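Okay, structure first, notes after.
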There are 2 protein chains.
Amino acid sequence: MDKSTQQIENGMQQVQGVGSVHTDLATESAHAGELKPRTSRPRGQIPTKERLLEAAGEVFAEKGFRDATVRDICARAGANIAAVNYHFRDKESLYAATFEHVQQFEQEHYPLDAFESSGTPQERLVAFIRIMCLRLFDRGRPSWHIKLMTREMIDPTLVMDAIVVKSIKPKFEILTNIVGENLGLPARHDVTEMCAASVIGQVVHYHHCREVTKRLCSGWQEGTTFIDDLVSHVAWFSLRALDGIRADVAAGRAPSGNPFMCPAASKGAHDGGRGG
Amino acid sequence: MDKSTQQIENGMQQVQGVGSVHTDLATESAHAGELKPRTSRPRGQIPTKERLLEAAGEVFAEKGFRDATVRDICARAGANIAAVNYHFRDKESLYAATFEHVQQFEQEHYPLDAFESSGTPQERLVAFIRIMCLRLFDRGRPSWHIKLMTREMIDPTLVMDAIVVKSIKPKFEILTNIVGENLGLPARHDVTEMCAASVIGQVVHYHHCREVTKRLCSGWQEGTTFIDDLVSHVAWFSLRALDGIRADVAAGRAPSGNPFMCPAASKGAHDGGRGG
DNA sequence: GGCAATATCAAACACCTGTTTGATTGCGAG
DNA sequence: CTCGCAATCAAACAGGTGTTTGATATTGCC
């Protein structure tokens, strides 16, 4: 680990006799087609680099970074074992590239302004929840995207900070705005942020613990209306919660309006901010 | 993986010339002291097997099954490399034994009836949430327990089914009872179960995504009142949600009482962007 | 003491890992 | 054609892995 980390931080300082071009890729394959491949494509029309990236995503998501083997990835991509070290620097760089690939995919297929729907605050929250669920449980699109991100959430590696800033934070800010409107509180308020986390938590939990829930709940199979049922429930639960909290805040109950304040938490809380 | 799986299913069929006693351990160390060790304890008073188990838990939680190395575990336990294969069958059996160790620990230190507090349904739900949070964020007690379980939730291995049955299911049933009381619905009702999942989801999410939340929310540090704040919020959010849902159900709104039923519940378009 | 069982140990084993090497192919340019 | 370049390939390399081995203490029992 230390070695690879150092390699990344030092950038590409290595010099080799032959080829080995692992360019930044995120930018390159974005404006793809710029550099002309001088060789024909022996294996279908998709270039090896992209095949590697896709295969790597699948394997990394399925097995995790360490369990995934370069041999497996190359085999799935129909490429030689040396392909990873040629097109990317090493296994870890391929891993990072995979995340950039996902993030780039999201920017293309899931533009942020999709969240910015119109309507009442309630409708906007439902819309947000639906889009989030659709993306999480989106069949037909590479399923390893979410799994890969999930792994990174649970035990973060180097790439996590980038993900939070690029991928999560903007969505979270949209959500806090919507939740804030539903609460009648500013988006930055502690109560607003925690309520937003509660909304996300429900959705994410249903995705994380699918395997557990499947074995736990009786009539809770992933049928055709599964996603819609999920959206309906989370929306129902969350909107009713926000309604109640809004009323509590308006009535000025307890510190921050929370009537269920822990008796043990009587001393100065970290926030101190109260609504309105 | 196939090989090890087969080993486990076939039980301990191997025959060796010398020692190698990897007994079931869960039962053995439960009624510990029954079999008398014929040797002194060269390395402190704690027997090697227990030291191995504790070290294994830490390492497995920290690195995951594959990343964890037997050498590392043995080093932390102050034992020889062969100790794992002697006391347990192999690395995978040690992994399974670690989970039994956790489950046994929970049974001893966290009896289930702690959840069965008295009081109003509201108070009981708050109590449940508090106990759950306390266990999740319990400092001072081996922190790797939760991390190990979390890993298993995300990508399940063979031990997961046992965990669900022994560890999760009983707690979940207690929760559905409490939630059912708050809703005025039976514990087995779909709405009840999904609401229970929503409660759990909030708590678990705050634990899973600590690293994300830390980088996302302004005044959301893990201070001294962190757990109490968390309990307060989840209780607040959940109880207000249950209040609202109970009223909706009583008023007989929409199917299952959910007024936020998806209108698009028929088709399964994955994107669409805007909601209604 | 003699004996068997328990437990520990250093060393080796067989295997798999990521990575590198050097040759080879296909192509465009001079 | 010839050269250089990008891309691919089979083969090997160096290191780490889980596991096994055979020896060696240490104990309890006869």
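Because the structure is a prediction, the values reported are computed rather than measured. Reminder, nothing fancy here: chain letters follow the sequence lines and each chain counts from 1.
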Whole angstrom value for the distance that separates [atom2] of [N] from [atom1] of [X]:
X	N	atom1	atom2	result
A:His87	D:dA6	NE2	C1'	9 Å
B:Ile81	D:dG22	CD1	P	17 Å
A:Phe88	D:dA6	CZ	C1'	16 Å
A:Arg71	C:dG18	CZ	C1'	7 Å
A:Phe60	C:dG18	CZ	P	8 Å
B:Asp67	D:dT17	CG	C1'	12 Å
A:Asn85	C:dT20	CG	P	6 Å
B:Tyr86	D:dT20	OH	P	15 Å

Proximal nucleotide (of [options]) relative to the [X] side chain:
X	options	result
B:Ala82	D:dT17, D:dT20, C:dT19	D:dT20
A:Val70	D:dG18, D:dT21, C:dT19	C:dT19
A:Arg66	D:dT17, C:dT19, D:dA10	D:dT17
B:Asn80	C:dC9, D:dT19, D:dA10	C:dC9

Margin query: Can you tell me how the ring of A:Trp144 sits relative to the ring of A:His101, calling it parallel under 30°, perpendicular over 60° and tilted otherwise?
Written below: parallel

Next item on the list: Measure up the B:Phe65 and B:Tyr95 rings against each other and bin them: parallel (under 30°), tilted (30 to 60°), perpendicular (over 60°).
Entry: perpendicular

Item checked: Student check: side-chain heavy atoms of B:Tyr110 and B:Ile131 closer than 4.5 Å -> no

Item checked: B:Gln104 CD to B:Ser167 OG distance, which is reported to the nearest 0.5 Å -> 12.5 Å

Notebook entry, point to check: Hey, does the side chain of B:Thr48 come within less than 4.0 Å of C:dT8's phosphate (OP1/OP2), counting only N and O?
Noted result: yes

